[in-house]
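Heads up: the structure comes next, in structure tokens.
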Number of protein chains: 2
Amino acid sequence: MNKNQAFPWDHPRFRSWIGVARACQLMQQAVTRAIADLGIKPPHLDILVNLYRFDGISQQELARKLLVGRSNMSMLLPQLEKRDLILRKADAKDKRVLRLSLTKAGRSLTEQAMVIQTGLIDRILSQTPEDRCLQVAESMEDIIRILQTMDADEVAEDA
Amino acid sequence: MNKNQAFPWDHPRFRSWIGVARACQLMQQAVTRAIADLGIKPPHLDILVNLYRFDGISQQELARKLLVGRSNMSMLLPQLEKRDLILRKADAKDKRVLRLSLTKAGRSLTEQAMVIQTGLIDRILSQTPEDRCLQVAESMEDIIRILQTMDADEVAEDA
DNA sequence: TGATTTTTGTTCATCGTTGTACTTTATTGT
DNA sequence: ACAATAAAGTACAACGATGAACAAAAATCA
């Protein structure tokens, strides 16, 4: 009777998750404002950071990492290409895939953006001791694993 | 030199926050699928749960709680009203505000949805001990507080 | 009281995301 | 080798969120 509260908001795990969701929403808004001066928005930043880290990735792989659809990449990447921030080169072995990479300008912009983003994260987590951060990271890894296996289950059910 | 890593993804707080963001994104998708059978989506659920908890709230207050714009409420609430899930009654004292409340059907639907949502959260946090959840909740409260004061600062700067 | 400013809610144009259908290229199976 | 299937990327229509401009009502203040 202790864990089955009358209302969700009296439920510790529920309250905890609501807090996570709110923090994310606010953080998203803060990031949006923080990088607005660079002329990019969070979706662009996510792309750029991933290209910075994984040079030569394909659109498909990028979409999977970002948890969005392929069509989303097909909309956003040409924009960044036209701004000369990224390059899309057809793969020699497989003519279907486009290999993505940052231009010099793109790399430079990404570095500026990452400084801003990291600064923001540092500021926001300043009240949270580092070991607490690591614990949070661990918990999130668990959650992500469970959610991903849930997705796999549902796909399996469909078959 | 220990805390100033070369790359953001070697930075503990950065990795930690990326995990939080990914977990949120996946959770959002899971909730969307879980409540689809009820004919509602996360934004509707957020509204319904808040009306369940705060009967008679105004559209403005609701928008503030949900961290969205007023116009968003002006778009969504009429939909729910047409489906007879909520009621909008003009306030007697202040003719500008509309007092929101759930209908019987709305309350019933909300209860079903909350069961689903709470079940999902329980499942997802099943690997996370309850004291760990409370720690996460604490950290999130800190973060939310900081982000909100940052917003206030920026507004102040504009003045 | 009367003028100005705030507040509440709405409307609308704009932008971003999604899912579906489609084309082109690889892979698989026979 | 050839047909069928799968995968990568694109185009487009539909939906949702946002912010600015607006109308009505209330609060402020002179």
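Within every chain, numbering begins at 1; the chains are lettered A, B, ... in the order of the sequence lines, protein sequences first and strands thereafter.
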Rounded to whole Å, how long is the line connecting atom CG of B:Leu100 with atom C1' of C:dT10?
14 Å
Over how many whole Å does the gap from A:Met73 atom CE to D:dA11 atom P extend?
15 Å
Would you give me the side-chain donor-acceptor pairs under 3.5 Å for residues 19-29 of chain B, sequence neighbours excluded?
residue: B:Arg22; atom: NH1; partner: A:Lys65; partner atom: O; Å: 2.6
residue: B:Gln25; atom: NE2; partner: A:Leu66; partner atom: O; Å: 3.0
residue: B:Gln29; atom: NE2; partner: A:Leu67; partner atom: O; Å: 3.4

Residue set satisfying side-chain contact (heavy atoms from CB on, under 4.5 Å) with B:Arg53, at least two apart, ordered chain then number -> A:Trp9, A:Arg15
Provide a list of protein-nucleic acid N or O atom pairs under 3.5 angstrom, restricted to nucleotides 2-5 of chain C.
none

My understanding is that only residues two or more places apart in sequence, or in another chain, count here; which of them pass side-chain contact (heavy atoms from CB on, under 4.5 Å) with A:Gln59?
A:Met73, A:Ser74, A:Leu77, A:Arg88, A:Leu98, A:Leu100
note: B:Asp91, atom CG; C:dT8, atom P; distance rounded to Å ~ 11 Å
Just to verify, what does B:Ser71 make a side-chain contact (heavy atoms from CB on, under 4.5 Å) with, not counting sequence neighbours?
none
Do you know which two heavy atoms are closest between A:Ala34 and A:Ile116, and how far apart they sit?
CB-CG2, 3.7 Å
For B:Ile143 versus B:Trp17, what's the shortest heavy-atom pair and its separation?
CD1-CZ3, 3.9 Å
Partners of A:Glu61 by side-chain hydrogen bond (donor to acceptor under 3.5 Å, both in side chains), sequence neighbours excluded?
A:Ser58
Please round to 10 degrees the angle between the axis of the first five pairs and the axis of the last five pairs in the helix from C:dT1-D:dA30 to C:dT30-D:dA1.
30°
If you look only at distance, which donor and acceptor atoms sit under 3.5 Å apart when one is on a side chain in residues 39-51 of chain B and the other is two or more places apart or in another chain?
residue: B:His44; atom: ND1; partner: B:Lys41; partner atom: N; Å: 3.0
residue: B:His44; atom: NE2; partner: B:Gln79; partner atom: OE1; Å: 3.4
residue: B:Asn50; atom: ND2; partner: B:Asp46; partner atom: O; Å: 2.9

Could you give all pairs that pass the side-chain hydrogen bond (donor to acceptor under 3.5 Å, both in side chains) test and reach residues 131-144 of chain B, with sequence neighbours left out?
B:Asp142-B:Arg145
Value in whole Å for how far the C1' atom of D:dA17 lies from CG of B:Leu77
14 Å
Tell me what A:Arg88 touches on the nucleic acid: a base, only sugar-phosphate, or nothing, going by heavy atoms under 4.0 Å.
sugar-phosphate
Quick one, which residues of residues 49-65 of chain B touch DNA chain D with a heavy atom under 4.0 Å?
none
Donor-acceptor contact present, side-chain A:Ser16 to main-chain B:Cys133, <3.5 Å:
yes
The complete set of side-chain hydrogen bond (donor to acceptor under 3.5 Å, both in side chains) pairs with one or both residues in residues 99-108 of chain A, sequence neighbours excluded, reads A:Asp91-A:Arg99
A:Ile121 vs B:His11 side-chain heavy atoms within contact, under 4.5 Å:
no
Does the side chain to side chain contact (heavy atoms under 4.5 Å, CB included) test come out yes or no for B:Met114 and A:Phe7, once each step is laid out?
CA-CA 9 Å; B:Met114 288 192 301; A:Phe7 298 108; 5.6 Å; no
Contact state string [nucleotides 15-27 of chain C, B base, S sugar-phosphate only, - no protein heavy atom under 4.0 Å]:
--BBBB----BS-
Atom CD1 of B:Ile40 to atom P of D:dC15: distance rounded to whole Å?
18 Å
